[in-house]
Amino acid sequence: MTLQFDDAGQLRHLLTLEGIPRATLLAVLDRAQAFVDAGPDGNATHRALLAGSAVCTLFFEPSTRTRLSFQRAAQRLGADVLSFDASTSSTTKGETARDTLRTIEAMGVRGFVVRDARDGAVAALAAAAAPGAALVNAGDGRKAHPTQGLLDMLTLRQALGADFAAMKVLVVGDVRHSRVARSDLHALRTLGGDGIDLRVCGPAALLPDDGTLRGCRVGDDLDAMLEGVDAVMMLRLQRERMADGLVASLDDYHRDFGLTAARLQNAAPGAVVLHPGPMNRGVEIDDDVADGKHSVILRQVANGVAVRMAVLEALLGPRAP
Ligand code: NCD
């Protein structure tokens, strides 16, 4: 994906983690970690970083944490924040995404955080963006959710240390419809190289055959797949993206693929449990796991703000000569 780099090799848009070099991923994680470490003491300094810039969240699909955490990140960098919600906008009168983008660009906005239900829609919009504009993909269809991938990597690194090659990571559930899983797997392969033990578990009907599972051990026996893992990345059962009949019943799904406290005993003692949210409690994850001592789900949310600060700064901040 060359669209996301400019001629000087600088990141211009963030559309996918596929093809982003390891050093670039690590630089974003390091910068995000510095934002975490600075805490509220850094507020005054950070607010100068994007002072005078404007960022618009352009969401054509629902969101809670992604949109709010991008807004929070932009605010913490001192940017002005505009929020566009398709359901209350002229999209309902037939205005296209392209015309919407051009309209907001004409107001002097340079940063756009875009979510769209159609695969590839954000890249198509980036191709049509004005020269100074930067787009961040906040989730397009089933394809990519790069900042979720980055915040998951930051969360893994905090919990397990910096050596991704030594990690055993299991992704569980509806990988077929998951842009989160695709971005996580791109990042894990880049950061973990040949050493990482990557596993994917789910019902055959919910596993993709498009190359997403490259390099992963794949199986449908959750207890066996959990054996000794350091991290379990649970996915939401994405019924709104699914043809009817792919899953027999929610009870069956929970029986075979739900993460229970008893099942989690198969993982390594210090294993962490991630979930991008929103959770279907009692379907893919039980309450006592979601809220238990292995869960880093709210840490993911907190890291989301720091990672999005790092990404917005990289795209919109002052550039080194
Ligand atoms: C995810 C999404 O929308 O892709 N949520 C999120 O951004 N944290 C995952 C999902 O919808 O299941």
Side-chain angles (χ1 to χ4, degrees), residues 14-18 32 57-74 83 85-87 112-123 135-156 171-187 200-203 206-208 212 231-242 246-247 250 253-254 257-259 272-285 289-290 295-309 311-312:
L14 179 61
L15 304 172
T16 174
L17 298 183
E18 187 173 16
T57 52
L58 200 57
F59 277 55
F60 298 96
E61 204 199 90
S63 170
T64 298
R65 75 221 86 221
T66 302
R67 175 154 54 160
L68 289 175
S69 75
F70 266 110
Q71 292 178 346
R72 180 91 181 107
S83 179
D85 175 3
S87 65
F112 294 89
V113 177
V114 189
R115 171 171 284 192
D116 198 298
R118 294 160 298 173
D119 290 356
V122 182
L135 270 67
V136 184
N137 183 0
D140 67 319
R142 309 166 180 197
K143 280 283 222 214
H145 193 347
T147 58
Q148 181 73 43
L150 288 165
L151 76 89
D152 288 344
M153 296 311 111
L154 185 63
T155 306
L156 289 176
V171 180
V172 183
D174 183 5
V175 179
R176 180 162 164 182
H177 301 98
S178 179
R179 54 198 178 204
V180 174
R182 287 183 173 80
S183 285
D184 281 339
L185 290 169
H186 285 313
V200 168
C201 180
L206 296 183
L207 297 181
T212 297
V232 193
M233 307 181 89
M234 300 305 298
L235 300 173
R236 184 173 66 88
L237 195 59
Q238 295 148 88
R239 281 169 288 177
E240 81 283 9
R241 303 207 171 97
M242 205 175 276
L246 280 184
V247 171
L250 296 185
Y253 187 84
H254 178 263
F257 300 102
L259 190 60
V272 287
V273 176
L274 293 83
H275 191 304
M279 291 185 273
N280 295 304
R281 288 171 176 265
V283 180
E284 71 264 1
I285 190 165
V289 176
S295 170
V296 288
I297 294 169
L298 293 177
R299 162 91 3 230
Q300 288 173 273
V301 176
N303 283 336
V305 176
V307 155
R308 287 162 181 144
M309 288 171 76
V311 167
L312 290 173

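Because the structure is predicted, anything quoted here is derived from the model rather than measured. Whatever order the structure lists them in is the order used to number ligands and atoms, beginning at 1.
Within the listing of ligand 1, atoms 1 (C), 4 (O), 9 (C) sit less than 4.0 angstrom from a heavy atom of Val180.
Under the salt bridge (charged side-chain N to carboxylate O under 4.0 Å, His left out) criterion, the residue pairs touching residues 272-282 are Arg281-Asp287, Arg281-Asp291, with sequence neighbours excluded.
Polar contact check, His145 against ligand 1: a nitrogen or oxygen pair lies under 3.5 Å apart.
Within the structure, the closest approach of Arg115 to ligand 1 falls below 4.0 Å when heavy atoms are considered.
Scanning the protein for heavy atoms near atom 4 (O) of ligand 1, the closest one is Arg179 NE, 2.7 Å. Among all protein heavy atoms, the one lying closest to atom 10 (C) of ligand 1 is Arg236 NE, 3.3 Å. If you check which protein heavy atom lies closest to atom 8 (N) of ligand 1, you get Pro276 O, 2.9 Å. The protein atom (non-hydrogen) at minimum distance from atom 1 (C) of ligand 1 is Gly277 O, 3.6 Å.
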Full working for side-chain contact (heavy atoms from CB on, under 4.5 Å) between Asn137 and Thr16: CA-CA 7 Å; Asn137 183 0; Thr16 174; 6.0 Å; no

Thr66 and Phe59: CA distance, side-chain angles, deciding distance, side-chain contact (heavy atoms from CB on, under 4.5 Å) verdict: CA-CA 10 Å; Thr66 302; Phe59 277 55; 4.2 Å; yes

Trace of the side-chain contact (heavy atoms from CB on, under 4.5 Å) decision for Glu18 with His186: CA-CA 6 Å; Glu18 187 173 16; His186 285 313; 3.5 Å; yes

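More than 12 heavy atoms of other residues, nucleotides or ligands shown are found within 6.0 angstrom of CZ on Arg65.
Here Arg239 does not pair with Glu284 in a salt bridge; the nearest charged N to carboxylate O distance is not below 4.0 Å.
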